[in-house]
Amino acid sequence: MPETILVCVAWPYANTPLHAGQIAGAYLPADIFARYHRMRGNRVLMVSGSDAHGTPITVRAEAEGISPQAIFERNHASFLETFERFGISFDLFTSTATDNHAQVSQELFLQLREAGYIYPAEQTLLYDPKADRFLPDRYVEGTCPVCGYEGARGDQCDNCGSTLDAIELINPRSRFSDATPVPRPSTHFFLKLSAFNEPLREWVERQEHWRPAVRNFTLGLLREGLHDRGITRDLDWGIPVPVEGFEGKRIYVWFEAVIGYLSASIEWASRNGTPEAWCDFWEDPSARTYYFQGKDNVPFHTTIWPAMLMGRGGLNLPYDVPANQYVTMSGAKASSSRNWAVWMPDYVARHDPDPLRYMLSAIMPETSDSDFTWAEYVRRNNDELVATWGNLVNRVLTFTRRNFDARVPEPRAMLAPESQAILDAVDAAFEEVGQHIEAVRLRAALQAAMSVAQQTNRYLDERAPWSAIKQDRESAAETLYTAINVISGLASLFQPFMPFTSPVAWSLGGNQGDIEGAGWRRSPVPAGTSLPEPSPLFKKLDDALVDEEEARLGR
RNA sequence: GGCAGGGUAGCUCAGUGGUAGAGCAGGGGACUCAUAAGCCCUUGGUCGGCGGUUCAAAUCCGCCCCCUGCUACCA
């Protein structure tokens, strides 16, 4: 019985290209998860898109003297290319700039307003008379009322760490024009999050399969109590508020961006010519919805979005929110401004995708922050991908080619116990790796697959077909027949993690056709199958690469 | 400050009550099919500190120290 799985991935903010930390935090785990479920024959929809709106994009646009639209389009194109070249297999990667998204967002806005969960209220905001615009807190600077530091931002004082309200700042000034901001009233809409505190708490309490960090953090937020939040802003870049008298105001990004999961699903369905197909993922209670993202996004996916869904009614709540911690770069948090990151467009232009997919899977920050270093990247490539897995394929196939005329050898009728045991091990690994992936323990899943490759190397050494062939050709034939069949299984086990090299390994092992279509199982390779000319799956990397890559950091 | 996560071998990290683990690095060995790769053996830790619960604690409880993240435009 196929399952229905909706894979929602965080919407990247379209103001800079993606870096490896974001890939490890959300896009890669989501992709592995989706590819696995597709191989299982489950019905999968994986969606995300560029977050096109918000102040940082308008500010960047002003700084570069071009339109916000141009900033968004440039980065959106970059995202699509990264996903394509790195093998992130979205069913649809759209953006919040589509008419469809605006329409779905406005509709949900009105539904929640109708239900009494959105209400208008007047608030006093800082206004820049010279630039003729309202100021977001972080674009006001002034003296901190707590410690007297003169460079405090309106949202927070970097000196003492106090959380501030821009209106409290002494001697405030606008970062747009240096003008002195003036308080000015403006009416905005608010989302009544307070109404959902208890329903959310009861719901989260029952989600015992969530990661402890995600669940405890959310319960902490709910214990303190959610406050109603403003969901409109005085901006001209964004989705218009669909209410008379609010022309010139926009729906704020954090309210509108999470709706993207729904609007993207609807867009996918209509593009496919099956406009109702999204309902299977959102309305059927047996469908499961997973939200992949970094830990900074947890509150939106475990409180605000579920509250919006509860308020609307009739749509599935998140089944799991497997948020990852952060991947740091050589010990420091990734930073755009300091250029402290592995930029994906840069990486895919110069390196193969699978070694980084493997590395990031192996250090995936599932329970705590983890650290990426180029030295470790080279080591894992050389010691694990080249030496353990790539070399296993290569040694088996070159030996077979030379001694058995490039055909899978005919084994004895009854396999030796150790041969049967290694075949059983690879078959059992599908169950074990699959359980890990379904529980989103991807690091453990990859390790379980890799350990079968290690066992297979041991098996080869025990059976030593290179010496057996001299006295007992049948023994060598059995060993190679067995090893080739194990390789066929291993290629499928690795496919969700390494979708570029695994199909190659699978074909080298004598298989034809599509590895993903062959399903989550070992494809048996019968004796007599002819084998193609083998070539190495991975390139051994030179240690000099470490220095070269590290020199690019921080410049 | 509050909340959350983490502090286990030189390095990166698994391990939630029952004789301390993996990979890498270091040392030794047998082999030679393979991108000198693979295999076997081995050195190495008072599991952040102090108390407590228990027949038994890395694992549960309390306090302390250190690292990381979050702290929400409160209307």
Side-chain angles (χ1 to χ4, degrees), chain A residues 55 119-126 134-140 154-156 160-167 186-194 211-221 223-231 233 252 254 294-300 303-304 325-326 328 333 362-363 365 367-373 375-376 379-380 382-388 390-403 443-444 447 450-451 453-454 456-469 476 479-480 483 534-541:
Chain A
T55 312
Y119 61 90
E122 184 174 279
Q123 61 182 150
T124 303
L125 299 168
L126 289 177
F134 282 95
L135 295 170
D137 275 1
R138 54 191 294 198
Y139 291 98
V140 182
D155 55 343
Q156 183 173 31
C160 68
S162 304
T163 305
L164 303 174
D165 192 327
I167 214 129
S186 183
T187 299
H188 282 289
F189 283 104
F190 290 82
L191 176 63
K192 205 171 186 177
L193 282 171
S194 54
R211 292 183 178 171
V214 173
R215 185 163 175 268
N216 292 338
F217 179 70
T218 304
L219 288 172
L221 294 177
R223 210 177 302 120
E224 287 177 30
L226 299 180
H227 304 275
D228 295 355
R229 288 176 63 148
I231 55 169
R233 291 293 184 277
Y252 197 42
W254 65 254
K295 61 179 165 183
D296 51 329
N297 257 323
V298 168
F300 294 97
T303 62
I304 294 174
Q325 311 296 303
Y326 288 147
T328 55
K333 191 183 169 184
I363 65 166
T367 53
S368 60
D369 291 351
S370 65
D371 193 42
F372 178 97
T373 62
E376 179 76 354
R379 186 198 70 71
R380 283 194 188 267
N382 290 353
D383 294 350
E384 298 178 14
L385 290 182
V386 173
T388 302
N391 185 234
L392 169 66
V393 174
N394 199 235
R395 69 196 295 209
V396 168
L397 296 178
T398 52
F399 190 84
T400 305
R401 192 173 181 80
R402 191 171 316 126
N403 293 285
R443 205 166 44 181
Q447 200 172 17
M450 203 55 165
S451 87
Q454 291 171 332
T456 311
N457 277 317
R458 279 197 286 279
Y459 166 79
L460 283 178
D461 271 71
E462 277 172 34
R463 302 267 310 179
W466 46 90
S467 59
I469 196 157
T479 306
L480 294 165
S535 66
L537 291 179
F538 304 99
K539 290 195 287 261
K540 185 156 183 174
L541 298 174

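Quick note on labels: first sequence line is chain A, next is B, and so on, each numbered from 1. All values below were derived from every heavy atom in this structure, side-chain atoms included, with hydrogens, water molecules and symmetry-related copies excluded.
Backbone-only contact: A:Glu122 has heavy atoms under 4.0 Å from sugar-phosphate atoms and none from a base. Using a 4.0 Å heavy-atom distance criterion, A:Leu226 is classed as a base contact. Looking at heavy-atom distances under 4.0 Å, A:Asn216 makes contact with sugar-phosphate atoms alone, never a base. A:Ser467 comes within 4.0 angstrom of no nucleic acid atom, judged by non-hydrogen atoms across all strands. In this structure, A:Glu384 reaches the sugar-phosphate backbone alone: every heavy-atom distance under 4.0 Å involves primed, P, OP1 or OP2 atoms, never a base. Among the protein residues, A:Tyr326 comes within range of the sugar-phosphate backbone only, with heavy atoms under 4.0 Å from sugar or phosphate atoms but none that close to a base. As judged by a 4.0 angstrom heavy-atom cut-off over every strand, A:Arg443 is placed among residues touching the sugar-phosphate backbone only. Using a 4.0 Å heavy-atom cutoff across all strands shown, A:Gly294 reaches no nucleic acid atom at all. Across all strands shown, A:Leu537 has heavy atoms under 4.0 Å from base atoms, whether or not it also approaches the sugar-phosphate. Within the 4.0 angstrom heavy-atom criterion, no nucleotide atom of any strand lies near A:Pro299.
Within the 4.0 Å cut-off from OP1 or OP2 of B:C33, not a single side-chain nitrogen or oxygen of A:Arg463 is found.
One interatomic measurement links the two molecules: CZ of A:Arg401 to C1' of B:A34, which rounds to 15 Å at whole-angstrom precision. Rounded to whole Å, atom C1' of B:A34 lies 15 Å from atom CD1 of A:Ile469. The CZ atom of A:Phe217 sits 11 Å away from the P atom of B:A72 (whole-angstrom rounding). Here the P atom of nucleotide B:U32 and the CG atom of A:Asn403 are 14 Å apart, to the nearest Å. Rounded to an integer number of Å, the gap from CG of A:Asp296 to P of B:C3 is 22 Å. Spacing between atom CZ of A:Phe372 and atom C1' of B:U12 amounts to 13 Å, rounded to whole angstrom units. The CD1-P distance, from A:Ile363 to B:C11, rounds to 17 Å in whole Å. Atom P of nucleotide B:A34 and atom CG of A:Leu392 are separated by 14 Å, given to the nearest angstrom.
Taking the C1' atom of each, B:C64 and B:G28 are spaced 45 Å apart, rounded to whole Å. One C1' atom belongs to B:A4, the other to B:C73, and the distance between them is 23 Å to the nearest Å. Using C1' as the reference atom, B:A14 and B:U8 are 10 Å apart when rounded to the nearest Å. Using atom C1' as the reference point in both B:C55 and B:C66, the two lie 34 Å apart (nearest Å). Nucleotides B:C50 and B:G44 are separated by 23 Å at their P atoms, to the nearest Å. B:C67 and B:G15 have their P atoms separated by 24 Å, with the value rounded to a whole Å. Nucleotides B:C41 and B:U54 have their P atoms positioned 42 Å apart, rounded to a whole Å. B:U42 and B:U32 have their P atoms separated by 23 Å, given to the nearest Å.
The pair A:Arg380-A:Glu376 meets the salt-bridge criterion, with a side-chain N (NZ, NE, NH1 or NH2) lying under 4.0 Å from an Asp/Glu carboxylate O. We find that A:Lys540 and A:Asp383 are not joined by a salt bridge, their nearest charged nitrogen and carboxylate oxygen being 4.0 Å or further apart.
Positionally, the nearest nucleotide of RNA chain B for A:Val214 lies more toward the 5' end than for the other of A:Lys295 and A:Val214. Heavy-atom nearest nucleotides on RNA chain B were determined for A:Arg223 and for A:Arg379, and the one closer to the 5' end corresponds to A:Arg223.
Base-pair partner of B:G1: B:U71 (Watson-Crick or G-U wobble, both distances under 3.5 Å). In this structure B:G51 sits in a base pair with B:C61, meeting the Watson-Crick or G-U test at under 3.5 Å. With a cut-off of 3.5 Å on both Watson-Crick or G-U wobble distances, the partner of B:U12 is given as B:A22.
A:Ser194 places no side-chain N or O within 3.5 Å of a backbone atom of A:Leu226 that could act as its donor or acceptor partner. Judged by distance alone, the side chain of A:Thr456 and the main-chain N or O of A:Leu392 form no donor-acceptor pair under 3.5 Å.
Counting heavy atoms from C-beta outward, A:Asn403 and A:Leu480 have side chains that stay 4.5 Å or more apart. With contacts defined as side-chain heavy-atom distances shorter than 4.5 Å, the pair A:Tyr326/A:Asp296 qualifies. The closest side-chain heavy-atom distance from A:Thr303 to A:Leu193 is not below 4.5 Å. Taking the side chain as every heavy atom from C-beta outward, A:Lys192 and A:Tyr119 approach each other to under 4.5 Å. Residues A:Val214 and A:Lys295 fail the side-chain proximity criterion, which asks for heavy atoms closer than 4.5 Å.
Of the candidate nucleotides B:A34, B:C74, B:U68, B:A34 has the atom nearest to the side chain of A:Thr398.
A:Ile231 contributes atom CD1, which lies 12.5 Å from atom OH of A:Tyr252 (distance to the nearest 0.5 angstrom).
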Along nucleotides 37-45 of chain B, 5' to 3', which nucleotides get a B, which get an S, and which get a -, given that the test is a protein heavy-atom distance under 4.0 Å?
SBSS-----

